[in-house]
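For ligands, and for the atoms within them, numbers begin at 1 and follow the listed sequence. This one's a predicted model, so the numbers in the text were calculated from it and none came from an experiment.
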Amino acid sequence: MIGMKSGEMTNTQNTTSILGVRVDHIDRDAALNRIMEFIGSRNGRGARKIFFTNVHSIHLARRDEVLKSGINNADLVLPDGSGLKMAGKILAKMEFANLNGTDFTPVVLGLAQQNGWTVYLYGGEREIVAVCHRNLLQQYPRLRIVGSRKGYTQMSEQQDILDDINEKKPDILLVALGSPRQELWISRHAPDLNAGICLAVGGLFDFIAGKHSRAPQWMRSVGIEWLYRFFQDPKGKADRVFVEIPAFAVVLATRWLFSRRKDHRQ
Ligand code: UDP
């Protein structure tokens with residue numbers, strides 16, 4: 001599939017909802033096909049919006065209608081993480097792929113290098129985005145990075161960032177502002193952006209720049225990378241571990257028990 005040219009793909013996307021928040025039932029190759037279609041069919045302003053739904057974004061979206069509507073109206077919403085996998089089985093009787101942004105985006109960047117697509121980096125601390133830019137060029141020497149901007153900005157700097165993106169017209173805009181900032185920013189600005197796709201990539205630049213390391217493979221394969229990330233940033237991630245994950249687990253367990261009782265009665 002990786003060698004295919006834009007425009008050769010069909011839409012095999014299947015959308016579902018987990019606690020009111022959209023997730024697409026799609027595998028990695030089909031998601032890459034959609035991205036090729038989006039970039040192949042871009043036409044002036046109006047970037048396609050691509051988000052990753054995980055336990056954290058569901059938690060936030062259930063409390064924020066604007067965020068929920070932004071996610072639900074995106075062009076592609078990929079399932080991210082082991083919590084979503086479990087939720088898919090229990091709530092939607094579906095087997096979701098784990099297409100987390102940290103593993104998925106590098107594959108997109110490999111395709112970008114191969115197809116000559118241009119990339120713009122927006123988000124993270126000033127030094128982090130600079131190191132990320134440098135490291136990406138080491139990893140993908142022919143990647144066409146046409147611009148980068150740090151993510152901690154004043155309101156007064158926003159127009160300048162939007163103008164710069166529109167001048168560079170990237171095929172891929174990576175937005176790394178964390179949730180919910182990045183989803184809200186993309187939902188608000190994508191219609192006016194001259195870009196192919198906007199991808200909400202969270203802490204990706206921190207990983208690429210080496211500020212944070214990925215969890216060992218065994219932790220990733222048993223679905224507990226979130227625990228490793230908690231130990232890297234206990235203050236920043238405490239709510240996710242002690243509030244969001246337990247609350248999500250309670251909702252899943254309750255729904256599972258109800259569905260079992262219903263099955264027994266039938
Ligand atoms: N960030 C930013 N501007 C802000 C707040 C955060 O650019 O105003 C960046 C931050 O430096 C980090 C990323 O957004 O690189 C958030 O990473 P995190 O792992 O917290 O993402 P999440 O898991 O929330 O998607």
Checking side chain to side chain contact (heavy atoms under 4.5 Å, CB included) between L199 and each of L174, L173, V119, which is the one that passes? L174
Considering heavy atoms of the protein only, find what lies nearest to atom 13 (C) of ligand 1 and give residue, atom and distance to 0.1 Å. G202 O, 3.6 Å
How far is atom 7 (O) of ligand 1 from its nearest protein heavy atom, and which residue and atom is that? G124 N, 2.7 Å
Nearest non-hydrogen atom to atom 11 (O) of ligand 1 belongs to which of Y152, F52, Y122, F205? Y152
Out of G151, S179, A200, G123, indicate the one that has the non-hydrogen atom closest to atom 3 (N) of ligand 1. G151
How far is atom 9 (C) of ligand 1 from the closest protein heavy atom, and which atom is that? A176 O, 3.4 Å
Taking only Lys NZ, Arg NE, NH1 and NH2, and the carboxylate oxygens of Asp or Glu, determine whether D171 and R144 approach each other closer than 4.0 Å. no
Identity and separation of the nearest protein heavy atom to atom 23 (O) of ligand 1: R240 NH1, 2.8 Å
How far is atom 5 (C) of ligand 1 from its nearest protein heavy atom, and which residue and atom is that? R181 NH1, 3.2 Å
Considering only non-hydrogen protein atoms, determine which one is nearest to atom 15 (O) of ligand 1 and report residue, atom name and distance to 0.1 Å. D206 OD2, 2.8 Å
For Q182, atoms of ligand 1 separated by under 4.0 Å from a heavy atom: 25 (O)
For atom 16 (C) of ligand 1, which of the options G178, A209, P180, G236 provides the nearest non-hydrogen atom? G178
Does ligand 1 have any atom sitting under 4.0 Å from a heavy atom of E183? no
Taking ring pair (Phe, Tyr, Trp, His ring centres under 6.0 Å) as the definition, give me every residue that meets it alongside Y122, ordered by chain and number, with sequence neighbours left out. W185
Side-chain contact, heavy-atom cut-off 4.5 Å: L76 with D24? yes
Ligand-residue contact atoms, ligand 1 with K237, heavy atoms, under 4.0 Å: 18 (P), 19 (O), 20 (O)
Please determine whether a side-chain nitrogen of the Lys or Arg among K49 and E183 lies less than 4.0 Å from a carboxylate oxygen of the Asp or Glu. no
Residue and atom name of the nearest protein heavy atom (relative to atom 19 (O) of ligand 1), distance in Å to one decimal: R229 NH2, 2.6 Å
Would a distance-only check, ignoring hydrogens and angles, find a side-chain to backbone donor-acceptor pair under 3.5 Å from R42 to N194? yes
Is there a chain of hydrophobic side chains (I, L, V, M, F, W, Y, each step under 4.5 Å between heavy atoms) that links V131 to V201? no
Can you list everything that forms a salt bridge (charged side-chain N to carboxylate O under 4.0 Å, His left out) with K68? Sequence neighbours excluded, please. E65
Could you check R149, K150, K211 and say which one makes a salt bridge (Lys or Arg N to Asp or Glu O under 4.0 Å) with E125? K211
